[in-house]
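Comments concern the structure below.
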Amino acid sequence: MEILPSYEDAIANPDWLDLVAPYVPVVDWPRCCLIDRRFYRQFAPRLWQDPVVTIRRLGLHPNDDLAWYRRFINKHIKSARPETRSYVRSLDFRDFASRASGLYSSEASERAISESFKHLPQMFPGLICLLVDGHPELDPGALATAASGSQALQLLDLAHCRHELTPKLFGSQLFRDLVYLDISFIPGSVRTAIQSSLNRSSLPELRVLKAQGREMDNATASLLLQTFRRQLWSLDLSHNKLGDEILDEIVEYSVSHFTFHTEAHIEKEGKLVLPKNIGSRKYGPFEFIEESKNISRSQFLEKYLADSPFYSQREDQMELQEWQAVRPDGLDPLRHDDVDAVKELLLDEAMSAVVGSPSLLRGQPHLGGGGLTHLYLNGNRFTVSGIERLIRTSRGRLEHFECESCLCTPFNSQLSPHLKGLRILGFPGSAPLFRPVVSSALRSLRVHHSLVTQVPSITMDGLSRASAARLAEGQVLKNIHRIYPLAFKPDTNPRITSLTLTNIPARSTGPIIERLTQFLDLASTQQKFVRHARTIFTGRSSSVLRGLRHIRLELAPDFSDAADAISASADVDFDKLLDPAEDDFGTSTSSFFDDGEGDGNGSFGVTSRSTNSSRTRGNKKPIPDAEGYARWTSGRLKSYPYSDVSSEFLTRHVDAAHSWTGNVFSVPVWIGPGTIGPHAAANEYMWNVQDANLRTDVGPATPNHVAAGVPSFSYIFYGAWDAMILPRPSSIREAAQSSTPFRDVAAAIKEYRLRTRGTADHWDGKLELVRMG
């Protein structure tokens, strides 16, 4: 235990042994059982509660696992009293007998455990936790024949089982009390299981479900969501075949209908504003963020204060009613849903019932009905627009969220031959969505590192990994920073205590290292402000948020700096390879602005990211090209819509098929004055608006757009804005031919930590550097 008992706990417990027993080392438990009956009643349940784990803590070497297990099952258990066997609450085989050792082969280990597997519920009538991840030879179907008198399991981890689960498996009474179930990476149809026994009637107590790697499509996942609805509070759908369509169903069926979005915290967080009940199916409701006047104050310490407690106007009402949705105050520890945490909670609860001591549970795994608070969506086929819509529409209910990567390639890249096979992954412009005003309950986050670094992951046909990395940290980073100036910082959401950044390249040309170390500097600054807030708010130190205390950096496997076969060849014509349509590009741009000269025969340029010649010939008016934009220094654009509209807004109609509410509506979309202004992103946006292919995806301006020059509370064409992410052919050529050296990211982070250690700038939270396989 890490937390010592309080004074109230100490004086409330009549028996000092109840108070002391949890702090006695494991190695002393066997001797304590021999003292007398009183000590036996206290320590025998602890010794037998999780025997496979306890024997390891008592010193059993992994090479002796199988020999010990055979003696335990065939000798000790047969001679043990029924009362003693009932003390066994957990059998955790995850790290047990998992390799060949000594005189026994791995096959012998499999046979020994398999032979006893189906009899475990009868041997141990008090068993509530069974974990067999790492033993794919075990057949869960054997458990379904367990005697009806056995204690129902509450935790079952079957991940990576080789055997296909029988459809009616969970109809057995052995599983009626399951709270936690892991059926990840198991063969067989999930749909059939749902229709037979993986449902609310068979598993009424289920709260945490892990279903990774089951090849689920949207239809099967939809059936799962409709089956359990808001019974689950944690759901892991990682590594399946899901697309954006399922995200709306997650919100509809599994997230509470009561919102945490409120105006109560407008002074420190701002508020959400929905001027009209309109939206699009791609974006969601067209909500704006009305900023607080304090948002720009770096030393506004009130943002570190937790929410005030709930007060009722009725004396007889001590608890919240269902319709009174009050978000968590940000102080209580995050409810953990990993298998080790849930197992510990269940065993603590069982131990409290046996020895009669009060339970010091840190959370309640049984709580349900409030909908999802923990959601895992790693390794699927989501786009950034889909994930952003999920965050906006989930009513601030998510407390832990994971999506290690998603596609953010603008749709119009498909129209450009020089961008063949381009895939851009990450969350480069999503930082404002994780502010408390939107993600009101969020405490823990695991996402692509671009949320912080603004450097996406890039792959492209004909481009080596090293060249793609140089491109991402070069021109693409400049483009992103220009159009999305706001990266995620610790103070973006002081309520977040844990942040994991994924897919960080093992080596960097510099920008990723610089942005990660800058982020650690900002974490240190936040740490100072939090400490200062505790001294300023005298008497309220316990109500000050902790801030960011855990950062995990997951490094991707290293790549070779050597160029691939294409880029290494001296015979490759990069101009032709990376810009095959250059012969079709127009060189004249006089028709787009007042002060130019030329014949006006333009085509889709790089800025508009389209080279579809047939569509160009069909247009009555020329389309702007990249060279023209580079020379546009003055004058007003003359192409449509600027040729037909004198104001800065263009009315856009949205049909029912694309409307969020199913109703037809129109909004004034900001297109700018058509003249050069002080914001580079706004200027390029105006140029792109001339392309009819980019006048798509209307949506409200976010804080990122406003920071880049878009007027507040206006609507823009996201197609024209997002197109600015894409690199030009010249940038791709430079990246392919560049020899800029790389630096080791892990080494650079370690050097930074050593340099700040012992100084006032050292962040003392927990920092993890993990190289992923």
Side-chain angles (χ1 to χ4, degrees), residues 261 270-291 383-393 408 410-412 428-433 435 437-438 482-486 607-608 637 639-675 677 679-725:
H261 295 157
K271 69 174 182 177
L272 294 176
V273 177
L274 184 65
K276 301 179 180 179
N277 187 25
I278 58 175
S280 67
R281 294 193 178 277
K282 183 174 183 179
Y283 185 91
F286 284 174
E287 289 183 312
F288 297 93
I289 295 180
E290 181 179 317
E291 299 290 7
T383 66
V384 69
S385 61
I387 295 296
E388 289 182 343
R389 185 176 69 250
L390 169 73
I391 299 298
R392 292 188 197 100
T393 58
C408 63
F411 78 95
N412 55 297
S430 304
L433 285 176
R435 288 171 49 179
V437 68
V438 180
R482 183 173 70 255
I483 65 176
Y484 297 123
L486 305 178
T607 304
S608 66
L637 299 172
S639 292
Y640 183 83
Y642 303 98
S643 60
D644 295 11
V645 177
S646 58
S647 74
E648 296 186 15
F649 296 89
L650 176 69
T651 299
R652 187 70 169 190
H653 300 278
V654 178
D655 58 31
H658 297 92
S659 170
W660 180 252
T661 61
N663 298 322
V664 177
F665 68 90
S666 61
V667 291
V669 182
W670 184 75
I671 59 173
T675 57
H679 301 284
N683 294 336
E684 188 171 357
Y685 168 76
M686 289 186 287
W687 186 268
N688 285 350
V689 166
Q690 298 174 101
D691 187 344
N693 297 298
L694 300 182
R695 292 196 295 272
T696 60
D697 298 337
V698 175
T702 69
N704 249 321
H705 298 125
V706 174
V710 176
S712 301
F713 296 97
S714 59
Y715 302 93
I716 63 170
F717 290 113
Y718 273 67
W721 192 271
D722 293 340
M724 292 186 276
I725 293 179

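Both backbone and side-chain heavy atoms feed into the values below; hydrogens, waters and symmetry mates do not.
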Flag side-chain contact, heavy atom, 4.5 Å: [X] against [Y]:
X    : Y    : result
C408 : I725 : no
Y640 : L650 : yes
N704 : P485 : yes

Where [X] and [Y] come nearest, the two heavy atoms and their spacing:
X    : Y    : value
V437 : G270 : CG2-O, 3.6 Å
H679 : A708 : CB-O, 3.3 Å
V438 : P432 : CG2-O, 4.2 Å
I671 : Y685 : CA-CE2, 4.1 Å
N688 : A723 : ND2-CB, 4.0 Å
P410 : D722 : CG-O, 3.2 Å

> Nearest 0.5 Å, what's the OG1-CD distance between T675 and E648?
Replying inline: 8.0 Å
> To the nearest 0.5 Å, how far apart are CG in N683 and CG in L637?
Replying inline: 9.5 Å
>> Let's go through F717 and L694 carefully: what are the C-alpha distance in whole Å and the side-chain angles of both, what is the deciding distance for side chain to side chain contact (heavy atoms under 4.5 Å, CB included) to 0.1 Å, and is it a yes or a no?
In response: CA-CA 7 Å; F717 290 113; L694 300 182; over 6 Å; no
> Under 30°, 30 to 60°, or over 60°: which ring-plane class applies to F665 and F286, parallel, tilted or perpendicular?
Replying inline: perpendicular
> Does S647 have any side chain to side chain contact (heavy atoms under 4.5 Å, CB included) partners at least two apart in sequence or in another chain, and if so, which?
Replying inline: V645, F649
Per-pair distances, 0.1 Å, donor-acceptor, side chain in residues 383-391, under 3.5 Å, sequence neighbours excluded:
{"from": "T383", "atom 1": "OG1", "to": "D244", "atom 2": "OD2", "distance (Å)": "2.4"}
{"from": "T383", "atom 1": "OG1", "to": "S385", "atom 2": "OG", "distance (Å)": "3.0"}
{"from": "T383", "atom 1": "OG1", "to": "G386", "atom 2": "N", "distance (Å)": "3.3"}
{"from": "E388", "atom 1": "OE1", "to": "R392", "atom 2": "NH2", "distance (Å)": "3.4"}
{"from": "E388", "atom 1": "OE2", "to": "S430", "atom 2": "OG", "distance (Å)": "2.6"}
{"from": "R389", "atom 1": "NE", "to": "D248", "atom 2": "OD1", "distance (Å)": "2.9"}
{"from": "R389", "atom 1": "NH1", "to": "R281", "atom 2": "O", "distance (Å)": "3.3"}
{"from": "R389", "atom 1": "NH1", "to": "K282", "atom 2": "O", "distance (Å)": "2.9"}
{"from": "R389", "atom 1": "NH2", "to": "D244", "atom 2": "O", "distance (Å)": "3.4"}

>> For a side chain to side chain contact (heavy atoms under 4.5 Å, CB included) check, start with the C-alpha distance between Y484 and W721, then their side-chain angles and the critical distance, and finish with the verdict.
In response: CA-CA 10 Å; Y484 297 123; W721 192 271; 3.9 Å; yes
List the atom pairs, with distances to 0.1 Å, where a side-chain N or O of residues 272-280 and a protein N or O form a donor-acceptor pair under 3.5 Å, not counting sequence neighbours.
{"from": "S280", "atom 1": "OG", "to": "Y283", "atom 2": "N", "distance (Å)": "3.1"}

>> Tell me which pairs pass salt bridge (charged side-chain N to carboxylate O under 4.0 Å, His left out) where either residue lies in residues 652-669, with sequence neighbours left out.
In response: none
> Residues two or more places apart in sequence or in another chain: which of them pass side chain to side chain donor-acceptor pair (under 3.5 Å) with R435?
Replying inline: E291
>> Determine whether a donor-acceptor pair (N or O, by modelled atom type, separation under 3.5 Å) exists between the side chain of Y642 and the backbone of M686.
In response: yes
> Under the side-chain hydrogen bond (donor to acceptor under 3.5 Å, both in side chains) rule, what pairs show up with a residue in residues 705-718, not counting sequence neighbours?
Replying inline: T702-H705
